[in-house]
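As the structure is a prediction and not an experimental result, all values here were calculated from the model. Any value given below was found using the heavy atoms of this structure, including those in side chains, with hydrogens, waters and symmetry copies removed.
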Protein chains: 2
Amino acid sequence: MKPPTELAEAFRARGLKVTPQRQLLFGLLDGNTSHPTAEGLFVEASAQMPGISLRTVYTTLTDLAEMGELQPVSCGAGAIRFDPNVDDHHHGVCDSCGNVTDAYVVGAESLIVEGLDGFTTNSASIVFRGQCAPCASSTDESTSNPIPNSQQQTPNTP
Amino acid sequence: MKPPTELAEAFRARGLKVTPQRQLLFGLLDGNTSHPTAEGLFVEASAQMPGISLRTVYTTLTDLAEMGELQPVSCGAGAIRFDPNVDDHHHGVCDSCGNVTDAYVVGAESLIVEGLDGFTTNSASIVFRGQCAPCASSTDESTSNPIPNSQQQTPNTP
DNA sequence: TGCTCATCTACAACTCGTGCAAATTGCGCA
DNA sequence: TGCGCAATTTGCACGAGTTGTAGATGAGCA
Ligand SMILES: [Mn+2]
Ligand SMILES: [Mn+2]
Ligand SMILES: [Zn+2]
Ligand SMILES: [Zn+2]
């Protein structure tokens with residue numbers, strides 16, 4: 001994703017207005033590696049701009065995604081996440097805390113795929129599921145768990 | 001997925017009852033390669049057993065999934081699909097008609113993944129997006145499109 | 001400064017799935 | 001074969017997540 005200043009220009013160039021709501025979201029997304037959901041961004045935005053509506057957050061995120069500045073990421077369950085990292089990359093999802101981590105896969109293009117004869121592939125996305133490092137250590141060790149697995153952001157309850 | 005007869009035994013062995021509703025669903029899933037949704041199975045089941053409830057379909061599918069007889073497949077958007085093919089395999093999703101095809105990927109285990117240090121991977125699922133063969137030929141050729149892309153099962157409307 | 005169309009907010013609606021409780025039924029057992 | 005009861009079915013409500021809509025509001029431009 002471009003930095004906020006350039007996003008403002010890109011919006012104006014498209015005939016879209018640069019509103020305080022949008023600028024706030026530009027800032028919240030800039031350099032954000034947490035793969036936030038619309039709801040999550042709404043909560044953060046509301047802290048700085050009480051009264052902002054969830055609808056506006058969705059609209060802005062959709063605009064950014066259409067401009068290619070944001071990559072929507074479906075992790076298999078729960079809300080869609082929005083990723084300012086538009087590199088060609090994939091994701092690891094922790095089944096305990098729900099955190100999503102960037103994963104760069106080398107050689108994905110040279111995979112041998114059987115069964116898709118005649119299929120024209122436009123994109124491939126890989127989701128790794130498992131346990132992130134903090135969750136693995138906090139459950140492996142029999143010591144008291146400082147993070148009870150249901151208080152972190154977007155916990156999974158399958 | 002086991003054949004219906006063996007599923008009946010497996011259910012009874014678990015203390016689950018073998019009802020007409022469940023037997024009907026066993027039959028609809030047996031050898032089914034269409035990756036149906038709960039709603040889709042409900043429609044098919046309703047044709048043979050009017051009055052069956054969508055709730056019962058969900059319950060039975062959940063039971064089968066917990067027994068490992070069915071694999072829930074998230075394709076990134078829309079309803080969860082249920083796959084009687086529990087092999088280790090992946091999926092191609094057509095962006096035009098929404099059809100889901102099995103894809104067997106060779107060498108997926110030996111992929112080099114960067115960025116997931118400390119992450120314990122339990123599973124990896126790959127979703128290929130693009131155009132299936134029928135959709136590709138019907139849109140490439142400038143002839144009249146016999147399938148207007150919105151009448152097939154589970155059309156995508158992004 | 002004033003105009004005007006895009007945007008914002010509030011609210012309804014919609015999709016997919018789950019929780020719940022009353023009525024029904026499979027099935028082990030006498 | 002007939003009982004008894006736990007499992008199941010059904011219908012409905014509810015919840016999360018997302019989108020449609022319309023009137024109020026405001027950004028950008030002359
Ligand atoms: Mn990412
Ligand atoms: Mn499959
Ligand atoms: Zn974790
Ligand atoms: Zn297709």
Asks: Can you tell me the distance, in whole Å, between the CD atom of B:E66 and the C1' atom of C:dT18?
Replies: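 Rounded to whole Å, this separation is 13 Å.
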
Asks: Which residues within residues 71-80 of chain B lie with some heavy atom under 4.0 Å of an atom in DNA chain C?
Replies: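 Under 4.0 Å from DNA chain C: B:A79, B:I80.
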
Asks: Please determine, by modelled atom types, if A:Q131 and B:T120 share a side-chain donor-acceptor pair under 3.5 angstrom.
Replies: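 Distance-only check fails for A:Q131 and B:T120.
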
Asks: So, using ring-ring contact (aromatic ring centres under 6.0 Å, His included) as the criterion, who are the partners of B:H91 when residues are at least two apart?
Replies: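 Scan of B:H91 (ring-ring contact (aromatic ring centres under 6.0 Å, His included), adjacent residues dropped) gives B:H35, B:H89.
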
Asks: Checking A:E44 now: which residues fulfil salt bridge (charged side-chain N to carboxylate O under 4.0 Å, His left out) with it, not counting sequence neighbours?
Replies: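 If we apply the salt bridge (charged side-chain N to carboxylate O under 4.0 Å, His left out) test to A:E44, skipping adjacent residues, there are no hits.
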
Asks: When Ile, Leu, Val, Met, Phe, Trp and Tyr are grouped by side-chain heavy atoms lying under 4.5 Å apart, directly or through other members, which residues fall in the same group as B:I112?
Replies: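 Result for B:I112 is A:V106.
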
Asks: Can you tell me if A:S137 uses its side chain to pair, donor with acceptor, with the backbone of A:P134 under 3.5 Å?
Replies: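 Indeed, once roles are kept as given, a pair shorter than 3.5 Å links the two residues.
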
Asks: Contacts to DNA chain D from residues 45-59 of chain B, heavy-atom cutoff under 4.0 Å, which residues?
Replies: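 Going residue by residue through residues 45-59 of chain B, the ones with a heavy atom under 4.0 Å of DNA chain D turn out to be B:G51, B:I52, B:S53, B:R55, B:T56.
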
Asks: Using a heavy-atom cut-off of under 4.0 Å over every strand shown, decide if A:E39 touches base, sugar-phosphate, or nothing.
Replies: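 Result for A:E39 = nothing.
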
Asks: Going through the distances and angles, do B:N85 and B:T33 end up as a side chain to side chain contact (heavy atoms under 4.5 Å, CB included)?
Replies: CA-CA 8 Å; B:N85 178 357; B:T33 62; over 6 Å; no

Asks: Tell me, which of residues 10-18 of chain B have any heavy atom that sits under 4.0 Å from an atom in DNA chain C?
Replies: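 Contacts with DNA chain C under 4.0 Å: B:R12, B:K17, B:V18.
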
Asks: So, is A:T19 close to the C:dC8 phosphate, meaning a side-chain N or O under 4.0 Å from OP1 or OP2?
Replies: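 It does, given that an N or O in the side chain of A:T19 lies less than 4.0 Å from OP1 or OP2 of C:dC8.
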
Asks: Anything under 4.0 Å to a heavy atom of chain B counts; send over the first and last such nucleotide of DNA chain D, read 5' to 3'.
Replies: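 Taking any atom under 4.0 Å from a heavy atom of chain B, the span is D:dA6 to D:dG11.
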
Asks: Applying side chain to side chain contact (heavy atoms under 4.5 Å, CB included), run through B:T56 and B:F42 and close with a yes or a no.
Replies: CA-CA 9 Å; B:T56 297; B:F42 169 66; over 6 Å; no

Asks: Could you tell me whether a side-chain N or O of A:E69 sits under 3.5 Å from a main-chain N or O of A:K2, the two making a donor and an acceptor?
Replies: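 Present.
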
Asks: Under 3.5 Å, which donor-acceptor pairs link side chains of residues 20-28 of chain B to any protein atom two or more places apart or in another chain?
Replies:
| residue | atom | partner | partner atom | Å |
| --- | --- | --- | --- | --- |
| B:Q21 | OE1 | B:T19 | OG1 | 3.4 |
| B:R22 | NH1 | B:K17 | O | 2.8 |
| B:R22 | NH2 | B:D63 | OD2 | 3.3 |

Asks: So, for B:L29 and B:P36, which heavy atoms are closest and what is the spacing to 0.1 Å?
Replies: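 Of all heavy-atom pairs spanning B:L29 and B:P36, the closest is CD2-CG, 4.4 Å.
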
Asks: Measure the angle between the two terminal helix axes of the helix from C:dT1-D:dA30 to C:dA30-D:dT1, five base pairs each, and quote it to 10°.
Replies: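 If I round to tens, the end axes sit 30° apart.
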
Asks: Output the rounded distance in Å from CD (A:Q23) to C1' (C:dC8).
Replies: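 After rounding, the reported distance stands at 15 Å.
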
Asks: Going by the rule side chain to side chain donor-acceptor pair (under 3.5 Å), which residues pair with B:T59 if we only count those two or more places apart in sequence or in a different chain?
Replies: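 Only B:R55 meet the side chain to side chain donor-acceptor pair (under 3.5 Å) criterion with B:T59.
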
Asks: Please find the pair of heavy atoms, one from A:I80 and one from A:S74, that lie closest to each other, and give the distance.
Replies: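 Closest heavy-atom pair between A:I80 and A:S74: CG1-OG, 4.2 Å.
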
Asks: Which pairs would a plain distance check flag for residues 5-14 of chain A, meaning a side-chain donor or acceptor within less than 3.5 Å of a matching protein atom at least two apart in sequence or in another chain?
Replies:
none

Asks: Check whether any side-chain heavy atom of B:C75 sits under 4.5 Å from a side-chain heavy atom of B:R81, and report yes or no.
Replies: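 Yes, close enough: below the 4.5 Å cut-off.
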
Asks: What residues join B:F119 in its hydrophobic cluster, counting side-chain heavy atom gaps under 4.5 Å, either direct or through other members?
Replies: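 ILVMFWY cluster around B:F119 also holds A:V105, A:L111, A:V113, A:L116, A:F119, A:I126, A:F128, B:V105, B:L111, B:V113, B:L116, B:I126, B:F128.
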
Asks: Starting at atom CZ of A:F26, determine the distance to atom P of C:dT7, rounded to an integer number of angstrom.
Replies: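 One finds 11 Å between P of C:dT7 and CZ of A:F26, rounded.
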
